[in-house]
Amino acid sequence: MRVTNRQIAEMFNEIADLLDIDGENPFRVRAYRNAARTILSYPRSMAELVEEGFDLSQLRGIGKELAKKIAEIVTTGRLRYLERLKRSHPPQLEALLKIPGLGPGRVRLLHEMLHINSIKYLEQALENGKLDKVPGFGPKLIEKIANGVKRHRYEEKRFRIDEAEETAMWLKERLLKASGVQEISVAGSIRRCKETVHDIDMVASATEGSDIMARFTSLPEVSRVIMQGTTRSSVRLSNGMAVDLRVVDDRSYGATLHHFTGSKAHNIALRKMAKERGMKINEYGIFHGDERLGGETEGDVYRLLEMDYIQPEMRENRGEIAKAQTHTLPHLIEPKDIRGDLHMHTLYSDGMETIETMAKAAQAKGYEYIAITDHTKHLTIAHGLDEKRLREQLEEIDRINEKMDGITLFKSAEVDILEDGSLDLPDDILNALDLVVCAVHFKFDLSKQKQTARILKAMEHPAFTILAHPTGRLINLREPYAVDMEKVMEAAKERGCFMELNAQPDRLDLNDRHCRLAKEVGVPVVISTDAHSPKDLNLMHYGIGQARRGWLEKEDVLNTRSLAELQKLLKQIRP
DNA sequence: GCCGTTTTCGGCCCGACTGTTTTCAGTCG
């Protein structure tokens, strides 16, 4: 099987950890981490690029040495350099870096002085009070490490964007009540619409003497204050989320918001550029020597570097900076561009409401059209429809379409793709539908080759319109099934099918890299809520956030088309 | 180990907080 980009990135990160513990040149360590990040976020598979003879040293952060190492991993499945490094270190040593308070320096010290080489041994040393003897290890640090060991599994968790956003909004509301507060923004990965977040970052501007910090650290929901300063504090909430709050005066608000929105890689790249031009960017502003050039707004940062404003969702150092310099940034899709929703369920299968209620809710959102896509018979757990019940539903949709003005209901279904690639309903009923949403709901564990073949076979059916949640993943619950996404997208492009970006926050499937791939291949994406109730229609914004992370513009998304345009397009692909 | 409008050497983002120290190293984001 082919080596994945993730596996290569993990190997490079492991090298970085080990070199870090060895006290190697920190810039060499950083080079491995930078390369890992580049590989992880690159839309195409390194394995394929190597096969094609592509020169990997063209990629940012990858030079001759690392290109050779990638080629070795891809062709042999191993990396001798990493194996050599691992042989000279205890196998669990890197795990110690995960404990708060332990960085490479202290891990090295613990290993040299006490031969601590795993979390298990660290626990024993803590119990035996051996750590007191290590220079630089005082009672506070030892307590922090002891707590970290107890919690380290728990704190590894990444939260889904919706969970984190809900907590962040609630926090913002509370903190706005503090004295002297002018503005509060949620920054960090929530603002960049990442699908999962590790912690919540918030930025506030406040006048001197504000009690916002005191309020923040003494909220009843705070289970632990990790650190507390006058401009920056960090806590953990009882729901397990860590929150950072940064407070500045309004002159620095933009610079601080920018700094804490990240990503780190994006910030580093900008600061480097500033430095090359004799300027300096920090959380307080943009400076030339002692002269302050700006920092009140985020826009100052980009303006002073002579580039266009980059939307938060794009700030990942994945090529956006070059685009901003040449004024060729994409005009990212916005919520107002969405004209309809092409995936939702009703009481006919596992939805909570009638067709009419869903239609009215969609109309209230200003949509021109929706598709009713109840499950089909194979999905018995969701009361999937057989041909007879689906025909009944189609008649009801006809009646509602006659009755309701200003919104059009498409007849559709979320049809199961069976193991052999056939669809779960007979052809005559499939042909009676306006569009057909198809999905894999079982047999997730097929080999990549078989799963890909299954989907490609299904796409050959003339009624196939949209591939729903194309990888089947459930964030934090179920891994994506193995599928060759490039092949699927190329087939979709050729066949005139569309790829769904399912906006449910536990799916967000396609992911951001897939969205960029779809744009590259030229296959339109459909952002759908997969709503099971009227309230679910509001999940659209998570899908839009993911689409923006994937650089999608209005033109790249099918359901930004007007009703007339969409009908025309459907007629073209389904004559 | 990477990179180059100062290109094959000599840099590599920048600052807050903590704990342990008498001026700072380590960690973290």
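Numbered from 1 within each chain, the chains take letters A, B, ... in sequence-line order.
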**Message:** For a quick test of reading the model: is some side-chain N or O of A/R271 closer than 4.0 Å to OP1 or OP2 of B/dC13?
**Reply:** no

**Interatomic distance, A/F137 CZ vs B/dT27 P [rounded to whole Å]** = 8 Å

**Item:** Sorted by number, the residues of residues 281-300 of chain A with heavy-atom contact under 4.0 Å to DNA chain B
**Value:** A/I281, A/N282, A/E283, A/Y284

**Request:** Name the nucleic acid region contacted by A/P139, choosing base, sugar-phosphate or nothing; use a 4.0 angstrom heavy-atom cut-off, strictly under.
**Result:** sugar-phosphate

**Message:** Once you apply a heavy-atom cut-off of 4.0 Å, does A/R106 come out as touching a base, just sugar-phosphate, or nothing?
**Reply:** sugar-phosphate

**Fill in**
Mate of B/dC9 across any strand shown (Watson-Crick or G-U wobble, both atom pairs under 3.5 Å) is B/dG4

**Prompt:** Counting only side-chain N and O atoms of A/K280, is one of them less than 4.0 Å from OP1 or OP2 of B/dG15?
**Reply:** yes

**Request:** Assess the side chains of A/R271 and A/H259: does a donor N or O sit below 3.5 Å from an acceptor N or O?
**Result:** yes

**Message:** Considering every strand and a 4.0 Å limit on heavy-atom distances, what is the contact class for A/L102: base, sugar-phosphate, or nothing?
**Reply:** sugar-phosphate

Polar atoms only, N or O, under 3.5 Å: list the protein pairs with nucleotides 3-6 of chain B and their distances.
{"from": "B/dC3", "atom 1": "OP1", "to": "A/G61", "atom 2": "N", "distance (Å)": "2.7"}

**Asked** Think A/K144 has a side-chain N or O under 4.0 angstrom from the OP1 or OP2 of B/dT18?
**Response** no

**Asked** Taking only side-chain nitrogens and oxygens of A/K69, does any of them come within less than 4.0 Å of OP1 or OP2 of B/dG1?
**Response** yes

**Sugar-phosphate only, base, or nothing, as touched by A/K264 at under 4.0 Å among non-hydrogen atoms** = base

**Request:** Tell me what A/P26 touches on the nucleic acid: a base, only sugar-phosphate, or nothing, going by heavy atoms under 4.0 Å.
**Result:** nothing

**Prompt:** So, A/D556 side chain and A/E553 main chain: donor-acceptor pair closer than 3.5 Å or not?
**Reply:** yes

**Asked** Think A/T231 has a side-chain N or O under 4.0 angstrom from the OP1 or OP2 of B/dC17?
**Response** yes

**Request:** With heavy atoms under 4.0 Å as the rule, sort A/N25 into base, sugar-phosphate or nothing.
**Result:** base

**Item:** d(CZ, A/R246; P, B/dC14) in whole Å
**Value:** 15 Å

**Asked** Just checking A/T230: base, sugar-phosphate only, or nothing, at a heavy-atom cut-off of under 4.0 Å?
**Response** sugar-phosphate

**Asked** Just checking A/G188: base, sugar-phosphate only, or nothing, at a heavy-atom cut-off of under 4.0 Å?
**Response** nothing

